Amino acid sequence: MKMQDYEFWFVVGSQFLYGEEVLEIVDRRAREMTDELNTSGLLPCRLVYKVTAKTNAEIRDVVREANYDPKCAGIITWCHTFSPSKMWINGFVELQKPYCHFATQYNREIPNEEIDMDFMNLNQAAHGDREHGFIAARLRMPRKVIAGHWQEPAVRERLGSWMRAAVGVAVSKSLKVMRFGDNMREVAVTEGDKVEVQAKLGWQVNTWAVGDLVAEMGKVTEAEIDALVAEYTESYDVATENTDAIRYQAKEEIAMRRMLDREGCKAFSNTFQDLYGMEQLPGLASQHLMALGYGYGGEGDWKVAAMTAILKAMSEGQTGGTGFMEDYTYHLVEGQKYSLGAHMLEVCPTLAEGRPRIETHHLGIGMNEKDPARLVFEGKAGKAIVVSLVDMGGRLRLICQDIECVKPIMEMPNLPVARVMWKAYPDLETGLECWITAGGAHHTVLSHDVTAEQMRDWARMMDIEFVHIGKGTTVEQLEKDLFLADLAWKLK
Ligand code: MN
């Protein structure tokens, strides 16, 4: 399913106390608000007004319907009037979809002349939403609270941003990851409990033999390769005479995509240590698959592959770029402190400034018989995040750091891979100390579109730990937070 196929259900709370007339006004206004929000262009998915709920049974029924409708990616509630919250308990206890409490109000202004007790009884979200908020707090429900006037563009944007995070939950729950070969030997951070991840996040992570892929490559025709190479040359400049290498990558891509689509997988991992029967590590092939929206992780890193797919799905239709990344090396000159991110081949071209070049170079690492073709480019500038999911044993921790990508400050003419350069927050050294203290991996997902708030929303909805490193983060506070979180998650 694509972003626009998902919908969110708007459930408005009320009660019978106010009489039919008030309920009709609430219903009419809820429809009007829904229509206006839908035509604002600021929501990525359709909002569907379901009901102004007045009874326990109405709430329970709409929750059950939401739980079983795959199109419904979450519910959004609001109390125009007072809605006694004990009637929400049975429904809320059964709710299995992401939940947002939209603490808004129909009118923007208090009408000076007009205001009387009737107005107060009709427009009482200020206390209706507090009663409503209490019950979710009392039930320890994971929820997002968004407060503000529903016509305010910034408020609509926040609602839209939460919707994207909730779509990330739906995508996660049905995500399948194809592993070609195992993790790189002896590496710890790319390991993880696949049973725990499936129970918690929904991911189905399974392995396929590299031999299966080689057999699939054998079925790819020259005409199919011609067509994909033509597609490459539309988007990329060819800066190599080694057309065989480009054609070989196209063959790999077609075969991998066929296997991925046949199994319904939206993410994959492979490793340079297991290329049995293949001449080249997929470089251009993996890069182009990432550009098409597939998640990828190098060295068998299936966690980062899955996260890449999820962040790509969350940012569908946005143009900043999201891809697999690896911290490589630092520039530690006073006043010019930068991280350089890259990978041995597989950097996603959605991160590129300008048109990537297809180049072929020798790749010493792994068992490449031939020089693999890859896309080489500079990453674009702008605010971004890097995200890493690690398995702490018994629980998952999501670490997110704010960064600011810059145009690389040097040309690095002999570097044969794509490169992205950034300033880390709060600064390179503090950020690095925090990242290492939290156990963040060398592999990350870098996104210009997804925000730290969205990742926090996603982690809350998935019920996993969230660690944010940004402006104002200190190592001392982080150590305390991690210590307390460790205790709390053991009790949970
Ligand atoms: Mn790597």
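Residues: numbered from 1 along the sequence shown. Read the numbers this way: they start at 1 and go in the same order the structure lists the ligands and their atoms. The structure presented is a predicted model; accordingly, all values stated were derived computationally and were not measured.
- Using modelled atom types, no side-chain atom of Glu378 and backbone atom of Lys407 make a donor-acceptor pair closer than 3.5 Å.
- In this structure, NE2 of His343 and OE2 of Glu326 enclose an angle of 120° at the Mn ion (ligand 1), rounded to 10°.
- Taking 2.8 Å as the criterion, His442 does not count as a coordinating residue of the Mn ion (ligand 1), since none of its N, O or S atoms falls below it.
- Scored by the salt bridge (charged side-chain N to carboxylate O under 4.0 Å, His left out) test, Arg156 finds Glu36 as partners (sequence neighbours excluded).
- Using a cut-off of 4.0 Å between Lys/Arg side-chain N and Asp/Glu carboxylate O, Asp237 and Arg357 are scored as not salt-bridged.
- For His443 atom NE2 and Glu299 atom OE1, the angle they make at the Mn ion (ligand 1) is roughly 90°, to 10 degrees.
- Checking Asp301 against the Mn ion (ligand 1), every N/O/S atom stays at or beyond the 2.8 Å cut-off.
- Under the salt bridge (charged side-chain N to carboxylate O under 4.0 Å, His left out) criterion, Glu404 pairs with Lys383, sequence neighbours left out.
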